[in-house]
Amino acid sequence: MMLLIDHYAYNNKLASVHRGEKFAFFALTITIGLVLPSTITSLAIIVLMAGAVVFLAGIPWRFYLKLMLLPGSFLMIGVVLVAISISREGQDFLWAVKLGSYVVGISKQNLEHAIDLFLRSLGAVSCLYFLSLTTPLTDIIAILKKLLVPTLVLELMVLIYRFIFTLLEMTMKIYTAQSSRLGYKNIRTSYASLSQLVLSLFVKSYQYSQTMYDSLASRCYAGKLHFVDERLSWSAHNILLIIIIDGALVVSSLYTGGYLL
Amino acid sequence: MNQYILEAREIDYCYPDGTEALKGLTMKIVEGQKIAVLGANGAGKSTLFLHFNGIMRPQRGKIIFMGKELNYRHRSLLELRQNVGIVFQDPDGQLFSASVLQDVSFGPLNLGLTPEEALARSKQAMLETEIEDLGKKPTHFLSYGQKKRVSIAGVLSMNPKVIIFDEPTACLDPQMTRKIMDLLYRLNEQGKTLILSTHDVDLAYSWADYIFLLKQGTIAGEGTPREIFANRELLRQCGLTSPWVMEVYRELVNGELLPENVPVPQNKEELFRLIRGAAASRTHFRPKIAGHR
């Protein structure tokens with residue numbers, strides 16, 4: 001799943017669009033979604049981002065739906081707990097069960113609150129998906145650098161991101177080598193193989209970091225990674241579009257008060 | 001003037017576990033030459049290369065670059081590393097960033113160049129290694145051959161005088177091997193001194209100007225390819241075989257298909273020319289024989 005997200009980040013129809021534009025769209029929209037009164041705004045954002053991801057970026061809708069279901073199902077569980085309340089006297093409950101001297105049920109106010117929370121979170125998640133499906137991490141790092149995020153944090157991001165893939169690759173290689181010699185044929189051998197895998201992963205990572213350090217040192221590494229960025233041209237058309245879309249979002253949500261119910 | 005650009009003088013290096021990797025090794029590299037270092041696995045090639053770059057420090061002996069002894073202070077190390085680049089055997093261990101461009105520009109930026117200049121140099125290096133269209137791709141989606149070329153570009157962009165290649169053609173397909181070797185020829189024509197370690201005797205024989213044979217941390221022999229590969233006893237001791245060009249040549253001479261006084265061919269093309277020459281002189285003969293009948 002994660003590898004696929006990364007794959008799409010580099011291979012989508014918006015990949016050549018200026019990273020600053022995509023980031024601005026993401027940042028503005030997520031701020032609107034979180035700050036302004038919601039429900040209809042959040043719904044609009046979810047639809048907007050789904051449209052942008054599927055139609056503009058050309059990500060298969062099935063994949064996007066799967067991605068949305070992931071946090072969606074977690075949110076559902078969380079939101080149900082918000083919606084349900086317990087009290088002694090059952091006033092304006094839409095639905096309630098009596099348990100001894102307590103009433104367990106869903107009040108109108110809580111339901112609204114839960115729906116609001118659900119949509120707001122999903123809206124924010126879809127904004128994040130938009131960014132991570134259209135913008136490679138290296139580009140995001142370049143933006144963060146422009147935003148004066150400390151270099152130490154950025155260097156860590158660069159190295160961690162690279163090492164995730166080397167570690168995955170190493171794990172896959174060891175796993176394949178083990179299973180091709182029946183290392184995972186039953187529970188007992190599986191446990192043994194897995195422990196070997198973890199152990200050799202540790203040792204290999206250590207050796208690996210040593211060679212990497214040597215190779216960095218041989219290229220005059222002085223404790224600092226530098227970043228170059230290529231000059232990209234902004235598109236006035238895209239910026240205008242972002243302003244119009246996000247402006248429309250703000251106006252409509254302020255005008256309607258943002259609430260469905 | 002000192003014609004040696006890089007020297008190792010009687011260096012000893014012993015690993016903490018007690019393995020004596022280098023034992024009184026002396027190697028002198030002539031500027032502008034193509035040098036091949038041959039030796040079995042564990043002969044000390046990689047250890048020696050790390051010494052040439054100041055990553056490892058010999059317990060005895062010294063490294064001399066352009067007549068100046070390396071003193072292992074910051075300035076001296078920087079100067080050495082700026083001028084002597086290593087392309088490591090495993091490109092994965094060398095690529096630290098997911099962005100190809102960032103990795104290639106790492107060296108020049110460390111040299112304190114302006115971002116514009118570093119970018120220009122990186123672009124040039126990527127052009128030379130034919131990876132100019134990979135700039136947008138992340139390193140983890142590259143093939144092995146592409147990673148190899150990115151790691152070469154990362155060293156080229158620093159514009160070193162000497163480039164060390166640790167088994168550059170290991171694990172590469174024939175086409176990629178040829179591409180890399182073409183690149184090495186071009187670099188040498190630009191005046192760079194190249195040092196390459198390999199197990200491939202055929203490659204070393206036809207490519208190198210000068211060859212060092214390494215055996216258990218010492219130099220077992222050195223000389224031009226013809227000198228080195230004429231000494232079969234030495235090759236046997238070092239666990240190496242003769243290049244096929246030389247073996248075919250010997251068979252042809254033994255079978256009296258070639259006269260003994262022709263010079264040993266240096267590569268496939270020269271050998272083929274000899275064979276064609278011999279064949280032509282034979283067809284010349286034939287009418288005479290026919291006339292006898």
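All chains are named by letter (A, B, ...) in the order of the sequence lines, taking the proteins before the strands, and each is independently numbered beginning at 1.
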Chemist: With rounding to the nearest 0.5 Å, note down the distance linking CD1 in B:Ile164 to OG in A:Ser218.
Modeler: 9.0 Å
Chemist: Measure distances from B:Asn53 to the heavy atoms of chain A and classify the residue's part below 4.5 Å as side chain, backbone, both or neither.
Modeler: side chain
Chemist: Relative to chain A, which segment of B:Phe96 carries a heavy atom at a distance below 4.5 Å: side chain, backbone, both, or neither?
Modeler: both
Chemist: Please look at B:Ile55 and chain A and tell me whether the side chain, the backbone, both or neither of the residue comes under 4.5 angstrom of a heavy atom of that chain.
Modeler: side chain
Chemist: Would you say A:Tyr213 has more than 12 foreign heavy atoms packed within less than 6.0 Å of its OH?
Modeler: no
Chemist: Evaluate whether atom NZ of B:Lys23 has more than 12 neighbouring non-hydrogen atoms of other residues, nucleotides or ligands under 6.0 angstrom away.
Modeler: yes
Chemist: Does A:Arg181 CZ have over 12 foreign heavy atoms under 6.0 Å away?
Modeler: no
Chemist: Can A:Asp6 and B:His140 be said to form a side-chain contact (heavy atoms from CB on, under 4.5 Å), step by step?
Modeler: CA-CA 10 Å; A:Asp6 203 58; B:His140 49 268; 2.6 Å; yes
Chemist: Kindly check if the number of other-residue, nucleotide or ligand heavy atoms within 6.0 Å of OH (B:Tyr72) is above 12?
Modeler: yes
Chemist: In terms of heavy-atom proximity below 4.5 Å to chain B, should A:Glu169 be classed as side chain, backbone, both, or neither?
Modeler: side chain
Chemist: Work out which heavy atom in B:Met158 is nearest to a heavy atom in A:Cys220; give both atom names and the distance.
Modeler: CE-SG, 3.7 Å
Chemist: Quick check for you: among B:Pro108, B:Gly107, B:Gly154, B:Pro138, which has the greatest number of heavy-atom pairs under 4.5 Å with chain A?
Modeler: B:Pro138
Chemist: With rounding to the nearest 0.5 Å, note down the distance linking CE in A:Met212 to CG in B:Asp92.
Modeler: 8.0 Å
Chemist: Please look at A:Leu216 and chain B and tell me whether the side chain, the backbone, both or neither of the residue comes under 4.5 angstrom of a heavy atom of that chain.
Modeler: both
Chemist: In terms of heavy-atom pairs under 4.5 Å, which option from B:Leu95, B:Val87, B:Val84, B:Thr139 contacts chain A the most?
Modeler: B:Leu95
Chemist: For the residue pair B:Gln102 and A:Ile141, establish whether any side-chain heavy-atom pair is separated by less than 4.5 Å.
Modeler: no
Chemist: CZ/A:Arg219 to OG/B:Ser151 distance, rounded to the nearest 0.5 angstrom?
Modeler: 8.0 Å
Chemist: Please say whether more than 12 non-hydrogen atoms of neighbouring residues, nucleotides or ligands are located less than 6.0 Å from CD in B:Glu10.
Modeler: no
Chemist: Is the count of non-hydrogen atoms from other residues, nucleotides or ligands lying under 6.0 Å from A:Phe74 atom CZ greater than 12?
Modeler: no
Chemist: So which part of A:Tyr221 gets closer than 4.5 Å to some heavy atom of chain B, the side chain, the backbone, both or neither?
Modeler: both
Chemist: Which one, B:Ser105, B:Ser122, B:Gly93, leads in non-hydrogen pairs under 4.5 Å with chain A?
Modeler: B:Gly93
Chemist: If I measure from the heavy atoms of chain A, does B:Asp103 come under 4.5 Å with its side chain, its backbone, both, or neither?
Modeler: both
Chemist: Check each atom of A:Thr138 against the heavy atoms of chain B and say whether the ones under 4.5 Å are side chain, backbone, both or neither.
Modeler: side chain
Chemist: Taking the side chain as everything from C-beta on, heavy atoms only, tell me whether B:Leu50 gets closer than 4.5 Å to A:Asp214.
Modeler: yes
Chemist: Measure distances from B:Leu80 to the heavy atoms of chain A and classify the residue's part below 4.5 Å as side chain, backbone, both or neither.
Modeler: neither
